[in-house]
Trainee: 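This is the structure I have questions about; it appears just below.
Here is the naming used below: chain letters follow the sequence lines, and residue numbers restart at 1 for every chain. Source: prediction; values computed, not measured.
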Number of protein chains: 2
Amino acid sequence: MSTRAKRGATAAPSRPGRATGAPRYARVADALLADIERGKYAVGDLLPPELDIAEQYGISRYTAREAIRRLHDMGLITRRAGIGTTVKATHTQVRYTASISDITDLLHYSKKTQLKILSEDWVRIEGPLEPLLKDAAGQRWLKFSTLRYPAGGEVPISFTEILVHPTYERIRERMHEPNATVYRLLEDMHGETIHEVRQEIGCTALTRKTAALLGARAGGPALYVLRYYIGKGDSLMSLSINTYPQDRFKLSTSWRLDRRGDDR
Amino acid sequence: MSTRAKRGATAAPSRPGRATGAPRYARVADALLADIERGKYAVGDLLPPELDIAEQYGISRYTAREAIRRLHDMGLITRRAGIGTTVKATHTQVRYTASISDITDLLHYSKKTQLKILSEDWVRIEGPLEPLLKDAAGQRWLKFSTLRYPAGGEVPISFTEILVHPTYERIRERMHEPNATVYRLLEDMHGETIHEVRQEIGCTALTRKTAALLGARAGGPALYVLRYYIGKGDSLMSLSINTYPQDRFKLSTSWRLDRRGDDR
DNA sequence: TAGTGGTCTAGACCACTTC
DNA sequence: AAGTGGTCTAGACCACTAC
């Protein structure tokens, strides 16, 4: 009980389980983590209160909190004042993540593309659209038919149909501006943020009509990408239906291993 | 001063008292964030030392640290003892992330699939393989040709060629086990972890040979997915080349907005 | 040697939840 | 009223980096 502070940030490269020269909070965090993995605290259980943990390990409340914070950063627990600390998972659920800085990153490598609007009209959600927009069946949505070109290029990358919830019809006013994108207009004009994008990728054969628009061979293979743009509270704001003919576009994603609980 | 602690985490709408109602560290973090965005501290600059910030805002070092921690959690700064706090970015670089708990999640919705190995041999990286594995040109890699079936199904989902770096040839021993996956065997048998997966998605037309294996129409559209499995230090460990005929498989990804600096 | 961030203590008041 | 996590203070020693 005499040894005071141990040391600052030493090498101590996140040896899982080991705990020789690591800070106290890290050792306590490892101990708690081991308890959770061993099942001493099951999912749904409460961890002991901070003061109990502090007493149990002979540390101050600050250090106990710092240990618990690690578990929180790993996403293993939730905390609520008045309730306590609840175990939510025994292992870090997410191991790999992919990141983008901007939704545009989903669309094309090069952000330097241009959208050409072929037509703009109101459509009723029925027929082939209905399975894509079940919850909006019968509603009238704004629809843009577009081609996307590389900067200065003559050959389109994709044929894209964009459906927009009627609430946001004002974006029509500025949709023809160069470099306009639906989601940016939604943010600018309606103050709405895209909270989530759900993307579904498949393949298809080009119809005669689409092939003609894209200058590709009818029946040829094409990437078919649906993107649902979802706002606050799971509200669907927009849907885009993209068709990319073979070899004009490649979708790349990089998934990286998370090391959240280790260093920081 | 006399005023001690302010308050806990409250909503506190428009109490005309002092500041907004947010904790002090949050207000200070916002102020620092504003300074960074305004350019008062440019990228590469050092933020003032903790004690200066504490003095400047009339708070304790703990509270100043807590404020700075938020900026760190947002990825805007790096900190080093003896040096100081360096501004690394003015805005959170990553806004949207997608997560998976397991690499298997990349492959198919249902994890209940079975791999059938058609053949296994050593191939030299040349010819059509060379552009995919430039750095390994001329090397001999282990290659598996496989079909993946849904649990109990008769119709394959995909034709997959798997290339494995010669270092890891031992996985051959257990590759035929049910539910074997390359990356899990790499972890089990060689103690190597996949640090990153790079995925490239395109489309193609089925060759006669592949179509025959898959029981699909030659020339029909197919998803073409390359996955590079990368270990520590950017070392390429394995590559898989997947061909999914139309309608047998859909790739889904969900990108969520990060809200790291806001609540927690 | 001086100054930085990293760790730690011992206390305190607060808001929230449960009894 | 009691107990929880959330916030905050005023101090301290440490390891690291620069001078």
Trainee: Between B:Ile68 and A:Gly82, which is nearer to the 5' end of DNA chain C once each is assigned its nearest nucleotide?
Mentor: B:Ile68
Trainee: Name the one of A:Glu66, A:Glu50, A:Glu55 that satisfies salt bridge (Lys or Arg N to Asp or Glu O under 4.0 Å) with A:Arg61?
Mentor: A:Glu50
Trainee: Is the distance from OP1 or OP2 of C:dT7 to the nearest side-chain N or O of A:Tyr25 less than 4.0 Å?
Mentor: yes
Trainee: Record whether the side chain of B:Arg79 comes under 3.5 Å of the base of D:dT17 through a donor-acceptor pair of N or O atoms.
Mentor: no
Trainee: Any side-chain N or O of A:Thr85 less than 4.0 Å from the OP1 or OP2 oxygen of D:dT4?
Mentor: no
Trainee: Is A:Arg24 side chain donor-acceptor paired with the C:dG6 base, going by distance under 3.5 Å alone?
Mentor: no
Trainee: By nearest nucleotide on DNA chain C, pick out whichever of A:Ile83 and B:Ile83 is the more 5' one.
Mentor: B:Ile83
Trainee: My understanding is that only residues two or more places apart in sequence, or in another chain, count here; which of them pass ring pair (Phe, Tyr, Trp, His ring centres under 6.0 Å) with A:Trp141?
Mentor: A:His165
Trainee: C:dA10, OP1 or OP2 - any side-chain N/O from A:Arg61 closer than 4.0 Å?
Mentor: no
Trainee: Are the side chain of A:Thr97 and the backbone N or O of B:Thr97 linked by a donor-acceptor pair below 3.5 Å?
Mentor: no
Trainee: Expressed as a whole number of angstroms, how long is the span from B:Glu55:CD to D:dG11:P?
Mentor: 13 Å
Trainee: Are OP1 or OP2 of C:dT7 and a side-chain N or O of A:Thr63 less than 4.0 angstrom apart?
Mentor: no
Trainee: Verify the contact: side-chain N or O of A:Arg80 to OP1 or OP2 of C:dC16, cut-off strictly under 4.0 Å; return yes or no.
Mentor: no
